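What follows is a set of notes on a single structure, which appears directly below.
Residue indices begin at 1 and follow the sequence shown. Nothing here was measured: the structure is a model prediction, and the numbers come from that model.
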Amino acid sequence: MVELHQLVERAKARLVAQAGLDHLARLLLTATAGEMMLLLLRRWAGMSLPWLLDVLMFLTAIAATVWLTWRGRPGDLNVAVEIDQRLKLKDSIATGLYASEQIDQPFTGKVLDEAKRTAAAASSALPKAFAVKLDRNWAYLAAVVLMLLLLAWLLPSADLLGIRGNRLNRQRQQTQAQAAKEQVKQAAEAVKEAERTTRPSTPATQPAGDTMAKLRQELVEMSRQNMETPESRRDAAAKLDQMQQQLGQQADQKDNQLHQVRNALSRLDPPKPGPADAFADALRKGDYNQAQQEAAQLAQQTPNMSPQDKEKLQNQMQSMSDQLGKQAQQQQQQAQQAEKAVRDRLQSAGVDRAAADKLKAQRYDPKAVEQALRNAGQSPEQARQTAQQIAQDCRQCDLANQTQQQLQQLSQAMSGQQTPQQLQQLAQQSGQLAQQQQSAQQLRQAQSSARQAMQQCANPGSAPGSNPGSSPGSKPGRSTTSAANRAGSSPGNRPAPSANPASPTSSAANRGGSSGNQPSPSNSPGTVPGSAPGPGSTPGSTPSSATGSGAGNAHVTPPNAPPPAPLHAATEERRDIAPWRGRVIASWVNTQDLTKGNASAEFDQTLTEAKSDAQRAITEDHVPRRYHAAVQDYFNQLAPKGSTAAPTTAPASP
């Protein structure tokens with residue numbers, strides 16, 4: 001009995017295994033054919049189908065094989081019949097299996113004995129009769145798999161339906177929109193930080209603070225907008241262009257104010273050495289953080305100073321207070337002159353006093369000024385030009401007022417008895433100047449972030465994070481100013497900073513009166529090619545760049561020369577260029593990559609204005625006398641186009 005059932009179970013297991021292999025071959029063949037279809041859809045139709053679909057397809061084939069095999073497994077009697085047929089046992093196994101289920105039958109014992117003998121004899125022949133074999137479907141499966149591998153290797157990619165292109169375009173737009181939003185968020189954070197580090201507002205600086213707050217709010221709102229559609233990106237690019245220009249104007253205003261204050265502080269010269277030497281040196285160099293630290297140290301050291309040192313400190317501070325007081329008065333006079341220039345322009349244009357007072361109450365709003373000028377009889381073009389001139393005079397007036405306030409505050413902090421409390425107040429004043437420097441840098445950073453976001457929106461073909469170049473209407477940077485601006489010219493005659501990155505850098509007066517070529521950004525501090533010996537130059541030093549006499553010398557590129565370096569945006573960084581005390585008369589340039597632009601001013605006009613400003617700076621004694629000859633010699637060598645400069649002999653400096 002046992003032998004009979006063991007034979008049936010062995011045969012049944014082999015039948016189930018054979019059925020499982022057959023089902024698996026057919027289902028894997030179907031899954032491989034489906035994989036070929038998916039490959040064609042991916043390569044030719046450009047569909048983005050997940051790879052999980054391929055895995056699920058083969059897992060489904062395996063699961064279906066198990067289910068079909070389990071569902072189709074045969075019964076014991078059917079297996080016994082199959083054994084009899086394959087081994088030609090004349091139904092002996094089937095009859096014996098049937099008899100084993102019949103109880104108390106007379107012939108059962110005899111049938112079972114016969115079935116046992118037959119099962120024992122057939123046990124050795126069962127593996128051959130029920131051998132598990134791979135059918136032809138496995139050969140088909142191998143061929144299809146090989147074809148699939150060849151297709152995956154050799155089949156070229158195509159986008160017949162344009163699906164892949166549309167998908168990549170959407171992904172690129174989403175990536176650029178996200179990158180633009182990140183840049184806008186960075187710009188908003190920089191403006192927020194600039195607001196935090198800005199000195200307490202005064203009536204003159206309150207409009208600038210309101211403008212910064214408004215810009216920050218607009219940037220925050222824009223970072224929440226959808227920028228994935230072309231229309232939304234175009235609108236965002238237009239708004240960001242305006243914002244980055246406004247941020248640049250705010251940074252220019254802070255830079256101009258800091259330049260005026262730095263120019264005034266660079267003239268500080270205590271008559272005798274004393275405890276405040278380090279503090280005065282830090283102010284002259286424009287290192288306001290160091291000046292704050294030095295003032296705080298003086299406040300701590302004052303109680304322990306000897307009477308002689310206290311007297312020296314008092315004399316030094318009083319001397320610097322007097323000097324700053326005089327310069328504050330000059331700034332006040334310049335503000336009054338600018339205010340008078342505005343009134344004179346309105347009066348000459350025919351605007352009555354009542355209308356002029358109303359415009360003053362409106363802080364000379366450009367639109368209101370232009371409308372008042374048109375009402376007075378000027379043509380639209382003439383009214384626009386006059387309004388621009390009045391706006392420039394107003395900016396110069398505000399700049400002079402802000403500079404006068406800061407200089408007056410510093411002068412008051414330096415006057416009187418130098419108590420620890422007063423020195424702490426002086427340290428706070430120096431810290432406010434340092435915060436203004438930081439605020440200007442943060443506004444520049446916000447402008448850069450807004451410009452990059454604008455480029456991401458305006459140039460959909462550029463990769464995220466790249467710098468595709470300036471879009472039309474953008475203002476990538478601010479050029480350096482002319483010689484008179486570095487020499488201390490009055491704000492009334494100071495030209496507004498240009499937004500053109502290709503505008504010329506500062507002239508010879510900016511470099512301390514150098515009569516040769518301008519130093520390149522790669523020159524190390526302390527060596528000015530072509531300059532006369534003086535602060536910032538080392539006698540006998542050999543500059544690394546070629547030098548010449550005058551700006552008229554043409555630059556000849558030697559054969560096989562390396563490609564020229566890219567244009568750069570110039571940013572000022574003050575350096576201590578002399579070991580002795582004295583006015584800082586030069587500034588070096590840090591560079592940042594910038595795209596090439598077009599010059600915004602003709603050479604002749606620029607030369608005439610720079611020469612006039614430099615001569616005014618010499619006349620007003622804003623340039624040390626030992627550099628008068630060098631400055632005059634430099635401008636005498638520059639000749640307008642089509643003319644020949646007449647050499648003049650500069651008087652020897654004492």
Side-chain angles (χ1 to χ4, degrees), residues 183-202 204-217 219-220 243-266 278-279 281-297 398-399 402-403 405-407 409-410 413 424-452 476-478 480-481 485 497 569-576 584 587-592:
Q183 294 290 345
V184 172
K185 290 180 181 178
Q186 293 179 10
E189 290 295 329
V191 174
K192 182 179 180 180
E193 190 66 18
E195 286 184 290
R196 189 184 65 82
T197 57
T198 301
R199 61 186 298 269
S201 60
T202 62
T205 61
Q206 185 64 36
D210 295 341
T211 302
M212 291 172 58
K214 182 179 179 181
L215 285 173
R216 178 176 58 82
Q217 184 63 28
L219 288 170
V220 171
M243 290 182 186
Q244 67 95 11
Q245 293 182 21
Q246 294 176 1
L247 288 170
Q249 293 174 0
Q250 294 295 321
D252 288 341
Q253 293 177 5
K254 288 186 176 295
D255 285 342
N256 293 338
Q257 182 182 355
L258 286 170
H259 173 76
Q260 294 292 337
V261 174
R262 184 170 60 238
N263 189 40
L265 294 178
S266 66
F279 173 72
D281 289 340
L283 288 180
R284 277 195 299 270
K285 292 183 296 184
D287 191 352
Y288 303 125
N289 287 321
Q290 182 65 26
Q292 183 181 12
Q293 296 176 6
E294 295 295 341
Q297 291 180 3
D398 292 340
L399 176 61
Q402 295 171 14
T403 306
Q405 291 177 5
Q406 287 186 298
L407 294 179
Q409 291 175 358
L410 286 172
Q424 286 292 348
Q425 182 181 1
L426 185 59
Q428 294 178 0
Q429 295 291 338
S430 302
Q432 289 180 1
L433 293 175
Q435 289 179 352
Q436 290 185 53
Q437 283 184 332
Q438 184 180 359
S439 176
Q441 295 174 358
Q442 288 160 347
L443 285 175
R444 291 294 180 196
Q445 179 182 356
Q447 182 190 17
S448 177
S449 299
R451 186 185 302 115
Q452 293 179 13
R478 185 178 66 92
T480 53
T481 50
N485 295 337
T571 56
E572 296 178 357
E573 181 176 353
R574 290 289 169 173
R575 289 286 188 267
D576 188 5
V584 176
S587 61
W588 297 96
V589 175
N590 286 340
T591 58
Q592 298 173 353

Can you list the steps and then say if Q290 with E294 is a side-chain hydrogen bond (donor to acceptor under 3.5 Å, both in side chains)? CA-CA 6 Å; Q290 182 65 26; E294 295 295 341; 2.7 Å; yes
If every non-hydrogen atom of [X] is compared with every non-hydrogen atom of [Y], which pair is closest and at what distance?
{"X": "A427", "Y": "Q292", "value": "O-CG, 3.2 Å"}
{"X": "A450", "Y": "A187", "value": "N-CB, 4.1 Å"}
{"X": "L219", "Y": "M243", "value": "CD2-SD, 3.4 Å"}
{"X": "Q429", "Y": "A413", "value": "CG-CB, 4.5 Å"}
{"X": "A295", "Y": "F279", "value": "CB-CE1, 3.9 Å"}
{"X": "A251", "Y": "A440", "value": "CB-O, 4.3 Å"}

Distance in Å, [X] [atom1] paired with [Y] [atom2], rounded so as to fall on 0.5 Å steps:
{"X": "Q293", "Y": "S430", "atom1": "CD", "atom2": "OG", "result": "10.5 Å"}
{"X": "Q435", "Y": "Q428", "atom1": "CD", "atom2": "CD", "result": "10.0 Å"}
{"X": "Q445", "Y": "Q438", "atom1": "CD", "atom2": "CD", "result": "10.0 Å"}
{"X": "Q409", "Y": "Q425", "atom1": "CD", "atom2": "CD", "result": "8.5 Å"}
{"X": "Q244", "Y": "Q249", "atom1": "CD", "atom2": "CD", "result": "9.5 Å"}
{"X": "R262", "Y": "T403", "atom1": "CZ", "atom2": "OG1", "result": "11.5 Å"}

Check whether any side-chain heavy atom of [X] sits under 4.5 Å from a side-chain heavy atom of [Y], and report yes or no.
{"X": "L283", "Y": "L410", "value": "no"}
{"X": "Q253", "Y": "Q402", "value": "no"}
{"X": "L443", "Y": "M212", "value": "yes"}
{"X": "Q183", "Y": "Q186", "value": "yes"}

Indicate whether the side chain of Q406 and that of Q436 have a donor and an acceptor atom separated by less than 3.5 Å.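 Side chains of Q406 and Q436: pair found under 3.5 Å.
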Can you find a side-chain donor-acceptor pair between Q447 and R444 that sits under 3.5 Å?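 A donor-acceptor contact under 3.5 Å links the two side chains.
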Check whether N256 reaches the backbone of D252 with its side chain - one donor and one acceptor, N or O, closer than 3.5 Å.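 Side chain of N256 to backbone of D252, a donor-acceptor pair under 3.5 Å: yes, one is there.
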